[in-house]
Amino acid sequence: MPVQNDTLLPPRVYLDVLGSTAIVATHSAALACSPWVGRHDADAADGAATDAMRRALAHVPGCGTVVIGEGEKDDAPMLFNGEVVGDGEAGPDFDVAVDPLEGTSFCAMGLPGAMSTIALGAPGVFWSPGPGFYMDKIVVPPAARGAVDLDDPPERTLQKVGEALGKPVRELRVVIMDKPRHQGPDGLIAQVLAAGARVHTPPGGDVAGALEVLLPTSDTDLLLGVGGTPEGVMTAAAVRALGGGMLGRLAPKTAEEAQAIRDAGMSLERVHDRDDLVSGEAVFAASGVSGGALLAAPRRVDGTTHTESLLVAEGSVQFIRHITADRVPTG
């Protein structure tokens, strides 16, 4: 569906404005929490990223509403659902799906993979998972978009994706987070290995894993498994922009979460595709915090700080390098 907004901006200009806003937000958060990399204080890192992103978003043009965030799931510092951001002056209305610090534990432990992430779209385009914090997901490249079914067993999924991509199963590379829910002799990781595929098992970071599936420079072919719903919605924004395929279904971890979903009138059986999760054009941005294959960590070079970000919008991926002069004390 086309972008809908009340600013009378042409759709291309509207998305450009949202893209600029997204980069400002993630870049600010990444710089703020980078001093906490390796300090084993997850809350301090989360808080620094959140505070910096909130300050940055307060000064961008227009009026945004946070509709889905990571903090409620993790009981961490957050931009809260319903929070209004932007300067309220001339500019677009937009909705926000956000995790100021994706991979908080990576940041705290000094491990690669932590990023600041955000997705922005026109009001109403992001699906709200309500009290559902986790979902089962499949993410595939554009060529395999119509080949997957969340009800298929893993070996059937691998066979269908391999056929769509023109690869034997033994050459497929699959990302599955190394979580207890995926482990064990009968777990998802074991099933995919038994089917013959290669498995990359990061301890977290399914947003980064999904981006690897979508980027032509990567050799990752699909992402499988259960991850967070905030990450799922942000991922869907990137998947939609790049023409990939995604399916998701709520997968509560506790009986209480399952009952809360039912009480909210939501289904535990419904499978949502990418256009259910993000029903209109949106932008996704990320900035590197602790480094890794996707985005480098902020680093100081000769009185300047270098950071890396990426912006996904309308069929394109832009890698952006920021060089910021260090502040010199005055007075």
Side-chain angles (χ1 to χ4, degrees), residues 26 46 68-74 76 97-107 109 111-119 126-127 129 132-141 144 148 150 154 157 161 172-183 187-189 191-192 197-215 218-242 244-253 271-274 277-278 284-290 292-295 310 312:
T26 60
D46 242 344
I68 182 169
E70 175 74 359
E72 292 187 3
K73 174 169 75 72
D74 290 341
V98 63
D99 186 355
L101 182 55
E102 155 75 349
T104 305
S105 62
F106 294 167
C107 178
M109 300 294 289
L111 299 173
M115 307 183 297
S116 177
T117 57
I118 197 169
F126 295 132
W127 173 70
F133 295 141
Y134 293 89
M135 66 190 309
D136 195 8
K137 309 170 189 173
I138 296 177
V139 177
V140 294
V148 290
L150 205 54
T157 295
V161 171
L172 294 179
R173 185 173 189 266
V174 185
V175 173
I176 305 172
M177 288 193 297
D178 191 13
K179 300 289 187 181
R181 56 186 174 264
H182 300 143
Q183 297 166 353
L188 180 61
I189 294 171
Q191 292 181 63
V192 172
R198 299 174 295 157
V199 182
H200 174 51
T201 53
D206 56 344
V207 174
L211 290 171
E212 289 180 18
V213 172
L214 298 168
L215 296 177
S218 169
D219 66 348
T220 299
D221 298 297
L222 69 158
L223 176 141
L224 296 173
V226 175
T229 51
E231 295 93 337
V233 173
M234 286 188 290
T235 294
V239 172
R240 192 182 195 281
L242 295 178
M246 181 174 180
L247 300 174
R249 177 168 51 204
L250 290 174
K253 292 179 65 175
V271 175
H272 304 267
D273 69 17
R274 66 160 208 205
L277 300 174
V278 179
F284 169 86
S287 296
V289 172
S290 63
L294 188 63
L295 292 167
L310 66 81
V312 180

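Looking only at side-chain heavy atoms (C-beta outward), L211 and F284 come within less than 4.5 Å of each other. In this structure, D178 and P202 have side chains that are not in contact, with every pair of non-hydrogen atoms separated by 4.5 Å or more. A heavy-atom distance below 4.5 Å is not found between the side chains of T220 and R198. Side-chain atoms of L242 and V312, non-hydrogen and from C-beta on, do get closer than 4.5 Å to each other. I68 has its side chain within reach of P129: a pair of non-hydrogen atoms, C-beta onward, lies under 4.5 Å apart. Between P141 and V213, some side-chain heavy-atom pair lies under the 4.5 Å cut-off. Annotation: side chain of L310 is in contact with side chain of L294 (closest heavy-atom distance under 4.5 Å). Using a 4.5 Å heavy-atom threshold, the side chains of R181 and K253 count as touching.
Across all their heavy atoms, M135 and G232 have their closest contact at SD-CA, 4.1 Å. Shortest non-hydrogen contact noted between C107 and V289 is SG-CG1, 4.1 Å. Of all heavy-atom pairs spanning M115 and A286, the tightest one is SD-CB, 4.1 Å. Counting all heavy atoms, side chain and backbone alike, F106 lies closest to P203 at CE2-CG, 3.3 Å. Nearest heavy atoms, G132 versus L250: CA-CD2, 4.1 Å. Here the shortest heavy-atom pairing between V233 and A97 reads CG1-CB, 4.1 Å.
Side-chain N or O atoms of D221 include one that pairs as donor or acceptor with a backbone N or O of R173 at under 3.5 Å. Without hydrogens or angle criteria, H182 side chain to M177 main chain gives a donor-acceptor distance under 3.5 Å. Using modelled atom types, no side-chain atom of K137 and backbone atom of T235 make a donor-acceptor pair closer than 3.5 Å. When atom types are taken as modelled, the side chain of R240 and the backbone of V278 share a donor-acceptor pair closer than 3.5 angstrom. With hydrogens and angles ignored, the 3.5 Å screen pairs a side-chain donor or acceptor of S218 with a backbone N or O of E212.
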Quiz item: Is there a side-chain contact (heavy atoms from CB on, under 4.5 Å) between H272 and R249 once you walk through the steps?
Solution: CA-CA 6 Å; H272 304 267; R249 177 168 51 204; 5.6 Å; no
Quiz prompt | Full working for side-chain contact (heavy atoms from CB on, under 4.5 Å) between D206 and V175 | solution = CA-CA 8 Å; D206 56 344; V175 173; over 6 Å; no
Quiz prompt | Candidate pair L224 and V192, rule side-chain contact (heavy atoms from CB on, under 4.5 Å), full reasoning | solution = CA-CA 10 Å; L224 296 173; V192 172; 4.0 Å; yes
Quiz item: Between S116 and T26, does a side chain to side chain donor-acceptor pair (under 3.5 Å) hold up when you go through it step by step?
Solution: CA-CA 5 Å; S116 177; T26 60; 5.1 Å; no
Practice problem: Apply side-chain contact (heavy atoms from CB on, under 4.5 Å) to L111 and S290, showing your working. | Solution: CA-CA 6 Å; L111 299 173; S290 63; 5.9 Å; no
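Atom CD1 of I138 is separated from atom OG1 of T157 by 4.5 Å, given to the nearest 0.5 angstrom. Rounding to the nearest 0.5 Å gives a distance of 10.0 Å between CG of D273 and CE of M246. Separation of atoms NZ (K179) and OH (Y134) is listed at 8.0 Å; rounding is to 0.5 Å. Once rounded to the nearest 0.5 Å, the distance linking CG of L150 with CG of L247 reads 6.0 Å. Here the CE atom belonging to M234 is positioned 9.5 Å from the OG1 atom belonging to T229, to the nearest 0.5 angstrom. Summarising the geometry, atom CD1 belonging to I176 is positioned 8.0 Å from atom CG belonging to L222; distances are rounded to the nearest 0.5 Å.
Taking the side chain to side chain donor-acceptor pair (under 3.5 Å) definition, one finds that T117 meets it with nothing, sequence neighbours left out.
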